[in-house]
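Here's the structure we're looking at; comments come further down.
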There are 4 protein chains.
Amino acid sequence: MKETESEVSLAHSRARHEGPARGRPRSEAVERAIIEGVMKLLEDGVPLGELSIERIARTAGVGKATIYRRWSGKEELFVDVLRAAEPPDPELPGVSMRGDLIVLLESLRQRGLLSRSSAILHNVHAQMKSSPKLWAAYDATVIAPRRLQGYEVLRRGQQNGELRDDIDIELLNDMFVGPMLVRAVLRPETELPEDLAERIVDILLEGLRPAGR
Amino acid sequence: MKETESEVSLAHSRARHEGPARGRPRSEAVERAIIEGVMKLLEDGVPLGELSIERIARTAGVGKATIYRRWSGKEELFVDVLRAAEPPDPELPGVSMRGDLIVLLESLRQRGLLSRSSAILHNVHAQMKSSPKLWAAYDATVIAPRRLQGYEVLRRGQQNGELRDDIDIELLNDMFVGPMLVRAVLRPETELPEDLAERIVDILLEGLRPAGR
Amino acid sequence: MKETESEVSLAHSRARHEGPARGRPRSEAVERAIIEGVMKLLEDGVPLGELSIERIARTAGVGKATIYRRWSGKEELFVDVLRAAEPPDPELPGVSMRGDLIVLLESLRQRGLLSRSSAILHNVHAQMKSSPKLWAAYDATVIAPRRLQGYEVLRRGQQNGELRDDIDIELLNDMFVGPMLVRAVLRPETELPEDLAERIVDILLEGLRPAGR
Amino acid sequence: MKETESEVSLAHSRARHEGPARGRPRSEAVERAIIEGVMKLLEDGVPLGELSIERIARTAGVGKATIYRRWSGKEELFVDVLRAAEPPDPELPGVSMRGDLIVLLESLRQRGLLSRSSAILHNVHAQMKSSPKLWAAYDATVIAPRRLQGYEVLRRGQQNGELRDDIDIELLNDMFVGPMLVRAVLRPETELPEDLAERIVDILLEGLRPAGR
DNA sequence: CAATAAGCGAGACGGTACGTCGAGTCTTGAA
DNA sequence: TTCAAGACTCGACGTACCGTCTCGCTTATTG
């Protein structure tokens, strides 16, 4: 996992040869200013299509070359913007599988709510899907860890008898996160009621056959 | 439904005033040439970002103004391209709710497979999500009818006792299509095995509690 | 001569294929606006080094591409600017060779004075010398005709006995124009007294031996 | 003369305050490397316009700041390059004015021939004319001494009766060097035949009236 | 001999201009 | 009125240099 992490990392201070650090080192402050500049613009409601490198540079008070020195284009920069905007991983209570799943789904719901208000996630997200390479980078650094977290919870659930063990974990995970993601990501106009995480988990656990079956 | 249709309809032959049609009429052949030109380019593997109006016009042997006369921009044109590429609605056997659901999900799976091979759907899809207005248009003409089809199937299931009736239909629908869409749209690198539709439906119906309760 | 003329001509309206003139024709007004914009800037004392294409375009209220459509770069544009700034050919009285030579040299002197006050000629002139190709174009359209005029005057002088006929005309011409050009072009800080043309001509005719032989 | 010399001198080792010389002294080797680097590039046929400070620094294996420490810009550096490329002053036999003038003009002819083959002088020369300040510096250190040499020869000619004394020396000088410079500098495409210096001098001495008066 | 101070190669920095490309509009002549 | 063609203004693209500014290091002189 560590290698993957470092492979998809996009902006580095002098990442290339990593010699004995000749010349003036890259300024981390500048790096932050750029990323925060993009966020500010997005939060101010600037449409994604109007986010030119030129404008980003102007906003951050930075030369264009300084941006290109770190990222090869708008899209790669956006990956780092998303990364910076990412909320921290949720803490799992670990008492029961059901409880942990609800926490995980609730965190997805929160992210959905967030991405609508701030407008950062949703558009950049959509934009990024156009490039398989960038999507892979984003997936590896941001999404995959959450997915693995889910796998772990489900595995424990199978081990302690809370969950059927005749279904592969990947599919199980998609059964849980799918309904939430459909609403949060693919259909951003739908509501995300407070008890949605709990209802999804319980429906899946109990099944859909009529009660008196 | 009809009104919605006409509201989101994007390309018209002389839609505005609809006077007694003076001057040279618009050529339908030109319209087809443009849409097919876009498809050809996408199928030839041209990245979506390189699809400029200028290039589309060149490919179709058409003046730029002729495109702008019909669509207000690239994105609106894409909606019509997607519409033209859409496979026909699936025929539902109507015997059992379970059977109909499997047919619906299988049709989603097929679309997922298709969008990977042709590369049309996936990218244009992603691109379009950046514009809420266009997404709404696409949703209304292409997605919504399918969704309503699903609602109908589920409603019948509740009525004839195949399905619990204490859960609202929208959520039920998302429970079924969510897992499939996650794989087909959000994670295009995953496999879509042949029995996926059937497994998803059965897991949902039976629930995830271990067999022996 | 005609061929040379047309070969070095640099800006044309749709010069390439010269088909039956399809599409919107190039605007002559725009062409004039550009050239006059450059002149205005130079007359306002803008140093030649600060004359970027970008600034020229801004001044003329014109897109950069419109400039590049006509000239391949700054230098080629300058040739046409010089051409436009060129005073008309002097009228030769034709009475005597001596008189005609004085008129020709006087016209060179006037040009020298002009190029200092307006600052157009001198700098652009110098700039252009860096490119043999452009210099050739300028020479062919602007300088050469004057030179030929001089040759003609000298030839007539030899024929009617005003001038030795044992020296080739090219050298004779350089003997007359050389002293004037040295002062006007190569040493712009020197004065150009009013009677300079006459003095140069007479010195050359009479020779430099002391009067009493 | 001395003051003029030192005023236009452009590159100094720690020229400004000339304190008690603290810190590491500037390397003369570096200075030579830079000037020779420029010459090498010019001799390799690199167009003058592509001679950026950045490229010069790269070629000489030197930091940009090291160049700016010595010269305030490209043009000032070029003055020193020209100075370094300058051939030595001609030795005058001093027997007759006519002989000395021929030697002086012949040296101009040689320089013309040289500047065409090496391509250094011609272009840098032209370039420099754009900047009055630099031209003045070049004129003072390189050209003016030659001019004074010429004045001296002419003055001696007037004193010993070889030359009319009713014409001011500056004009006389321009009469002699003008024809040669026109060919060597302003019209580099013309030939410079071997006996050109002698012919110019003799034509001027004898005048252009037909032999039999 | 250590301290001090400037020189040095390298390269980041905020800028400006380059020459190209596409956006959307306008203007031709022909259909 | 539409059509293909192509000129028009505008503005972003990604690159190259500008002249300045750190970096870590080297090289003299001075206390």
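Every chain is numbered from 1 and lettered A, B, ... according to where its sequence line falls, protein lines coming before strand lines. Quantities reported herein were computed from a predicted structural model and do not represent experimental measurements.
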For [N], does OP1 or OP2 lie under 4.0 Å from any side-chain N or O of [X]?
X	N	result
Arg70(C)	dC8(F)	yes
Arg26(B)	dT2(F)	yes
Lys74(B)	dG22(E)	no
Arg22(A)	dG9(E)	no

Assign each of Glu54(D) and Ala65(C) the nucleotide of DNA chain E bearing its closest heavy atom; nearer the 5' end lies the nucleotide of Glu54(D)
By nearest nucleotide on DNA chain E, pick out whichever of Val30(A) and Arg55(C) is the more 5' one. Val30(A)
Between [N] atom [atom2] and [X] atom [atom1], what is the distance in whole Å?
X	N	atom1	atom2	value
Glu76(D)	dG19(F)	CD	P	11 Å
Arg69(D)	dG19(F)	CZ	P	15 Å
Arg32(D)	dC8(E)	CZ	P	13 Å
Glu28(A)	dA12(E)	CD	C1'	14 Å
Leu77(C)	dG19(E)	CG	P	12 Å
Glu50(B)	dA23(E)	CD	C1'	17 Å
Ile34(A)	dA12(E)	CD1	P	13 Å
Glu75(A)	dA12(F)	CD	C1'	13 Å

For residues 56-63 of chain B, which residues have at least one heavy atom under 4.0 Å from DNA chain E? none
Between [atom1] of [X] and [atom2] of [Y], what distance do you get to the nearest 0.5 Å?
X	Y	atom1	atom2	value
Tyr138(C)	Asp80(C)	OH	CG	12.0 Å
Met39(B)	Asp44(B)	CE	CG	13.0 Å
Glu31(B)	Arg70(B)	CD	CZ	4.5 Å

Residues 48-61 of chain D, side-chain donor-acceptor partners within the protein, below 3.5 Å, at least two apart:
unit_1	atom_1	unit_2	atom_2	d
Ser52(D)	OG	Arg55(D)	N	3.2
Glu54(D)	OE2	Lys64(D)	NZ	2.8
Thr59(D)	OG1	Arg55(D)	O	2.8

Indicate, yes or no, whether a donor-acceptor pair under 3.5 Å links the base of dG6(F) to the side chain of Lys64(B). no
Can you find a donor-acceptor pair, distance only, under 3.5 Å between Arg24(A) side chain and dC21(F) base? yes
Side-chain contact test, heavy atoms from C-beta onward, threshold under 4.5 Å: evaluate it for Glu36(D) versus Lys40(D) and give yes or no. no
Thr66(C) near the nucleic acid: base, sugar-phosphate alone, or nothing, with a heavy-atom cut-off under 4.0 Å? base
Please lay out, stage by stage, how Leu82(B) and Phe78(B) fare under the test side chain to side chain contact (heavy atoms under 4.5 Å, CB included). CA-CA 6 Å; Leu82(B) 273 189; Phe78(B) 287 165; 5.8 Å; no
Test side-chain hydrogen bond (donor to acceptor under 3.5 Å, both in side chains) applied to Ser72(D) - qualifying residues, sequence neighbours left out: Glu76(D)
